[in-house]
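Reviewing the structure listed below.
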Amino acid sequence: MSRLTRTASALAVAAAVVAAPVVGATGAWAAEAPAAQTQAAQAQVAQGAVAVAPGNKVTHLAATQDNLDGWIREALAVMAKHDIPGTYEGIHRNVMRESSGNPLAINDWDINAINGIPSKGLLQVIDPTFDAYHVEGTEPSPFDPVANIVAACNYAADRYGSIDNVNGPY
C-alpha cells in the first residue's frame with residue numbers, strides 16, 4: 001500500500017478523529033496541536049486535506065478496519081525483509097490495546113509523558129525507542145503507522161523475542 005493510498009484511506013474518517021479524540025486502552029489521547037495549528041488542521045480536514053501534528057510529518061489520521069489491515073500487512077512485508085518476527089494477530093492485538101487503532105494517539109499522563117517523552121502512535125513508542133529501533137526505508141516519524149509498527153516490533157523482538165509475546169504494556 002503506497003503512502004498516497006494510506007493517506008487517501010485515512011481521509012475518509014479524518015474528520016471524526018479531529019472532532020472527537022479517541023482514547024485507547026492505555027489512556028492515550030489523540031495528539032493535539034497548538035490552537036492555531038489545530039484550527040488550520042480542522043479547516044484542512046473539512047476541505048479534505050491532510051492535518052499535520054506539530055514537529056512530526058503526519059499523513060495518516062485515523063484507522064478503519066481496511067486501512068489498519070493495510071498498515072499491518074505493509075509493516076509485515078517490511079519486517080519480513082529485515083527478519084523481524086511477528087504475526088498479524090500479535091500486532092493487531094497490541095495496536096488495539098495501545099491506541100485503539102489511532103495512529104495519532106499520544107499518551108499524556110504516564111511516567112514517560114511526565115518526563116517529557118510521551119508514547120506515540122499505533123503501538124505507543126517513545127521517541128528514543130523509535131529512533132533506536134527505526135528501520136531504514138520507513139518514514140522517520142513515530143506517527144507514521146507502518147514506521148511505528150515496524151519500530152515497535154523491532155523493539156519487541158529485541159526485548160521479548162516477538163511482538164506476539166507482548167500481552168500488556170511494554
Side-chain angles (χ1 to χ4, degrees), residues 6-7 10 13-39 41-42 45 50-65 67-69 71-72 74-75 79 84 86 88-135 138-170:
R6 290 192 315 257
T7 301
V13 290
V17 170
V18 172
V22 176
V23 178
T26 61
W29 290 87
E32 293 183 23
Q37 285 182 320
T38 301
Q39 290 170 351
Q42 288 172 339
V45 169
V50 177
V52 178
N56 290 285
K57 177 181 170 189
V58 177
T59 58
H60 313 85
L61 293 177
T64 65
Q65 186 57 44
N67 61 22
L68 180 56
D69 177 72
W71 295 331
I72 293 172
E74 187 175 343
M79 291 163 57
I84 300 169
Y88 184 99
E89 188 280 326
I91 295 168
H92 189 271
R93 173 175 34 88
N94 281 286
V95 163
M96 297 314 291
R97 184 190 63 251
E98 294 293 335
S99 68
S100 298
N102 179 1
L104 291 183
I106 187 165
N107 184 316
D108 64 356
W109 62 267
D110 73 359
I111 191 65
N112 290 318
I114 291 168
N115 290 333
I117 49 170
S119 304
K120 301 173 182 174
L122 288 174
L123 285 167
Q124 293 294 283
V125 180
I126 61 173
D127 286 339
T129 301
F130 180 84
D131 293 342
Y133 290 92
H134 174 257
V135 173
T138 64
E139 293 294 323
S141 170
F143 289 112
D144 179 87
V146 174
N148 186 280
I149 292 169
V150 174
C153 288
N154 196 16
Y155 167 77
D158 187 42
R159 181 135 184 186
Y160 305 103
S162 171
I163 191 73
D164 298 335
N165 299 330
V166 178
N167 295 305
Y170 58 108

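- For the pair Asp127 and Lys120, the minimum side-chain heavy-atom distance is below 4.5 Å.
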Discussion item. Working note: Asn167 + Arg93, criterion side chain to side chain donor-acceptor pair (under 3.5 Å); need CA distance, chi angles, decisive distance, verdict.
Written reply: CA-CA 8 Å; Asn167 295 305; Arg93 173 175 34 88; 2.8 Å; yes
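- Counting only distance, with no hydrogens or angles, the side chain of Asp110 and the backbone of Asn112 share a donor-acceptor pair below 3.5 Å.
- When each of Ile149, Asn148, Asp144 is checked for a side-chain contact (heavy atoms from CB on, under 4.5 Å) with Val146, only Asp144 meets the rule.
- Note that CG of Leu123 and CZ of Arg97 are 8.5 Å apart. Values are rounded to the nearest 0.5 Å.
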Worksheet entry | Test log, rule side chain to side chain contact (heavy atoms under 4.5 Å, CB included), inputs Tyr88 and Asp69 | CA-CA 9 Å; Tyr88 184 99; Asp69 177 72; 2.9 Å; yes
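- When all heavy atoms of Phe130 and Ala151 are compared, the pair lying nearest together is CD1-CB, 3.7 Å.
- Here the closest heavy-atom approach between residue Ala157 and residue Ile84 is recorded as CB-CG2, 4.4 Å.
- Taking each heavy atom of Val95 and Leu68 in turn, the nearest pair found is CG1-CD1, 4.0 Å.
- Here the side chains of Pro118 and Ile106 are in contact, with some heavy-atom distance below 4.5 Å.
- With hydrogens and angles disregarded, a donor-acceptor distance shorter than 3.5 Å links the side chain of Ser162 to the backbone of Asp164.
- Remark: Thr138 engages His134 in a side chain to side chain donor-acceptor pair (under 3.5 Å) (not counting sequence neighbours).
- Considering Met79, Glu139, Glu74 in turn, Met79 is the only one that fulfils the side-chain contact (heavy atoms from CB on, under 4.5 Å) rule with Val150.
- Contact detail for Gly86 and Ile163: the closest heavy-atom pair is CA-CG2, 3.9 Å.
- Of all heavy-atom pairs between Ser99 and Gly121, the closest is CB-O, 3.6 Å.
- Side chain of Asn94 to main chain of Val166: a donor-acceptor pair is present (N/O by atom type, distance under 3.5 Å, no hydrogens or angles).
- Counting only heavy atoms from C-beta outward, the side chains of Val125 and Ser119 never approach each other to under 4.5 Å.
- Between Trp71 and Pro103, some side-chain heavy-atom pair lies under the 4.5 Å cut-off.
- For Asn107 (side chain) and Gln124 (main-chain N/O), no donor-acceptor pair under 3.5 Å exists by modelled atom type.
- Looking at heavy atoms from C-beta onward, Phe143 lies in side-chain contact with Leu104 at the 4.5 angstrom threshold.
- Side-chain contact check for Cys153 versus Ile91: some heavy-atom pair is nearer than 4.5 Å.
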